[in-house]
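Since the structure comes first, as structure tokens, the remarks are kept for the end.
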Amino acid sequence: MDLIKPFIEHFVYPMMEVRRGNKIRLHLDELSQIGALPPSLLMRIQREKLAKLLHHCFESVPAYAPYSELDSEVDDDPYAVLQKLPVLLKPEYAKNRDSYFADGVTAEQCIRNTTGGSTAEPLVFYIDRRTVEYYEAARWRGLAKWGITPGSRSCMLWGSPIEMEKQKQKKYFLKEKYLKNRIAFPAYDIAPEKMSEYVKKINKYKPEYFYGYASVYYEFARLMKENGLKFTFKPKCAVSTAETLYDFQRKLISEVFGCPTVNEYGARDAGILAYECPEGHMHVTAENAVIEIVDPVTGAPCKNGEQGDMLITDLNNFSAPRLRYRVGDVGAISFPTENCKCSSGLPILMKLDGRVDDMFVGADGHLIHGHIFNHISKMMDVVVKFQITQTSRTAAHLLIVPRDGVAQEKNEEFAARIRDALPGIEVTHEYVSDIPAPKSGKFRYAIRAFEL
């Protein structure tokens, strides 16, 4: 019997609400009610929140003071006003971070956070407590569709505290287990020889759900299958986050874990932006953020359902707001006219095709999505792992971890097909014993290492 779950839900959360003014459960109730409204009413609420934020930015945020003449147009059409503002790129924000604090707000009054920095220097940014609580509420609303509550026992295939003294690490894991009801396995160091030990520990723990990176789930599931290992319980779901979840990964994870694989879309610097429901729809957290879809080259707005670069405007962070923030992902959004069968009236993220810098640039300037390399890998099934990095418009480098027993000419054929997918680009390749994931635990197959 899990005694920690009721302890968290009936003691820890109420205590946080009394002692620290925590409002996660209050916001969860709010989002649950709003999310069930018809789409037209939902978007009216988003419009009102956007108008309020824009007024605040023009009046109180130095970075947006130069655009204050637009303030008079906000009430007529806040979306049109938003589109008149420049796209906020990460280097621009990093260079002028202090100008994004609202008048009277200091860094010390906010929560400091950083992006993972998997391909570049981590970005330091600031959010307020209210924003964090809305992020958490959005996550729990998404999980509720799968029968998960804040105290539900979980197992994370995730990063672990890396550069910590042993005493601090022990304290961290105790806090995770008894205040959050979860255990974690290090995403960046799954050892094949320890798989039986891992699975035995998980079977003993019996989590209600899993939470982790798609690439780590896939590797974990692959090793379980190869070693004939199985779970002796039935989890409610395996939540995939922080990476693109590919179909081939979802298929194996669901098969081996014996449960649905659920897609969560979010970013450390943008919060929980969409959650997959049991009907298979990725519902956008429209009450928390405006997501614009624009052409990655021209910046022009895309049509409804058309794929493009995603710009995020957080509707809750009044302390250090970022308007039209380029999060670096590619997607498409559909705005339904009626509620989903899951009861949600929220917009639907139709496509989520990874990062903008997963898109390579051909010699003639056309864009080539990194998905093509995964298709080649899946179709040939001759390598254990690969990673291709485009370093310039004319050069790319391919790392290959060959599969045991596969003939060398097959590996060379794999490299040749990757090269054929990038006409006009010189692709060099080398064979390596492994391609380690960064300390964040996120592994990327395709990386464009320069700006468009």
Side-chain angles (χ1 to χ4, degrees), residues 116 118 139 142-143 146 148 152-160 176 182-203 205-268 272 274-276 278 280 282 352-355 358 370-371 374 377-378 381 383-387 401 434-446:
S118 55
R139 173 179 283 115
L143 285 168
W146 300 92
I148 305 299
S152 291
R153 180 176 287 184
S154 65
C155 174
M156 299 177 71
L157 297 178
W158 193 256
S160 293
E176 288 290 292
R182 66 191 184 198
I183 59 172
F185 290 88
Y188 54 85
D189 188 30
I190 290 179
E193 67 274 11
K194 292 184 179 180
M195 284 303 300
S196 292
E197 178 185 331
Y198 294 154
V199 174
K200 183 178 179 180
K201 186 175 180 180
I202 293 172
N203 280 332
Y205 193 65
K206 292 182 174 57
E208 286 190 57
Y209 70 105
F210 290 88
Y211 193 84
Y213 301 148
S215 60
V216 182
Y217 275 140
Y218 182 75
E219 185 70 7
F220 201 91
R222 183 183 68 80
L223 289 171
M224 282 183 65
K225 189 171 184 178
E226 284 184 3
N227 290 278
L229 300 171
K230 295 183 178 181
F231 293 134
T232 57
F233 65 99
K234 185 171 178 60
K236 292 180 178 178
C237 61
V239 180
S240 174
T241 188
E243 294 180 336
T244 301
L245 174 64
Y246 298 106
D247 289 342
F248 75 93
Q249 293 173 324
R250 185 195 291 266
K251 181 180 179 181
L252 182 66
I253 295 164
S254 297
E255 174 194 335
V256 174
F257 281 47
C259 64
T261 304
V262 178
N263 207 354
E264 173 191 271
Y265 172 55
R268 194 173 296 180
I272 301 300
Y275 232 101
E276 185 177 1
M282 291 285 292
L352 184 58
D353 283 336
R355 299 180 55 81
D358 288 338
H371 275 349
N374 278 296
S377 175
K378 181 182 176 183
D381 193 27
V383 302
V384 174
K385 190 185 294 186
F386 75 94
Q387 186 178 73
V401 179
D434 191 23
I435 308 171
K439 289 182 178 180
S440 67
K442 302 177 187 177
F443 179 80
R444 294 177 59 195
Y445 308 94

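Fair warning: this is a prediction, and the values are worked out from it, not measured in the lab. All values below were derived from every heavy atom in this structure, side-chain atoms included, with hydrogens, water molecules and symmetry-related copies excluded.
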Specify the closest pair of heavy atoms between [X] and [Y], including all atoms of both residues, with the distance to one decimal.
X: M282; Y: Y265; value: CE-CB, 3.8 Å
X: N227; Y: L223; value: ND2-O, 2.7 Å
X: C259; Y: P235; value: CB-O, 3.2 Å

Any ion pair linking E219 and K385 (charged N to carboxylate O, less than 4.0 Å)?
->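 Not counted as a salt bridge, because no side-chain N and carboxylate O are separated by less than 4.0 Å.
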So, are E226 and R222 salt-bridged, with charged N and O less than 4.0 Å apart?
->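 The answer is yes: the pair qualifies as a salt bridge.
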How about Y445 and Y246: are their ring centres within less than 6.0 Å of each other?
-> yes
Atom pair NZ/CD of K234 and E208 - distance to nearest 0.5 Å |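 The CD atom of E208 is 13.5 Å from NZ of K234, to the nearest 0.5 Å.
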Gap between atom OG1 of T241 and atom OH of Y211 - 0.5 Å precision =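 Nearest 0.5 Å value for the OH-OG1 distance: 4.0 Å.
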[X] side chain near [Y] side chain, heavy-atom distance below 4.5 Å:
X: S377; Y: V383; value: yes
X: Y213; Y: L157; value: no
X: F220; Y: I202; value: yes
X: M224; Y: Y198; value: no
X: Y209; Y: V262; value: no

Give a yes or no on this: more than 12 heavy atoms of other residues, nucleotides or ligands lie within 6.0 Å of atom CG of D247.
->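 Check fails, neighbour count at 12 or below.
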With a cut-off of 6.0 Å (strictly less than), are more than 12 heavy atoms of other residues, nucleotides or ligands near NZ of K225?
-> no
Listed partners of E276 passing side chain to side chain donor-acceptor pair (under 3.5 Å), at least two apart = R250
Quick one: list whatever passes side chain to side chain donor-acceptor pair (under 3.5 Å) with T232, sequence neighbours left out.
-> N203
Sort out for me which residue in C237, C155, S240 forms a side chain to side chain contact (heavy atoms under 4.5 Å, CB included) with F210.
->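 So, applying the side chain to side chain contact (heavy atoms under 4.5 Å, CB included) to F210 and each of C237, C155, S240, only C155 qualifies.
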Give the ring-plane orientation class for Y217 versus F257, where under 30° counts as parallel, over 60° as perpendicular and anything between as tilted.
-> perpendicular
Please confirm whether the backbone N or O of I272 pairs with a side-chain atom of R139, one donor and one acceptor, at under 3.5 Å?
-> no
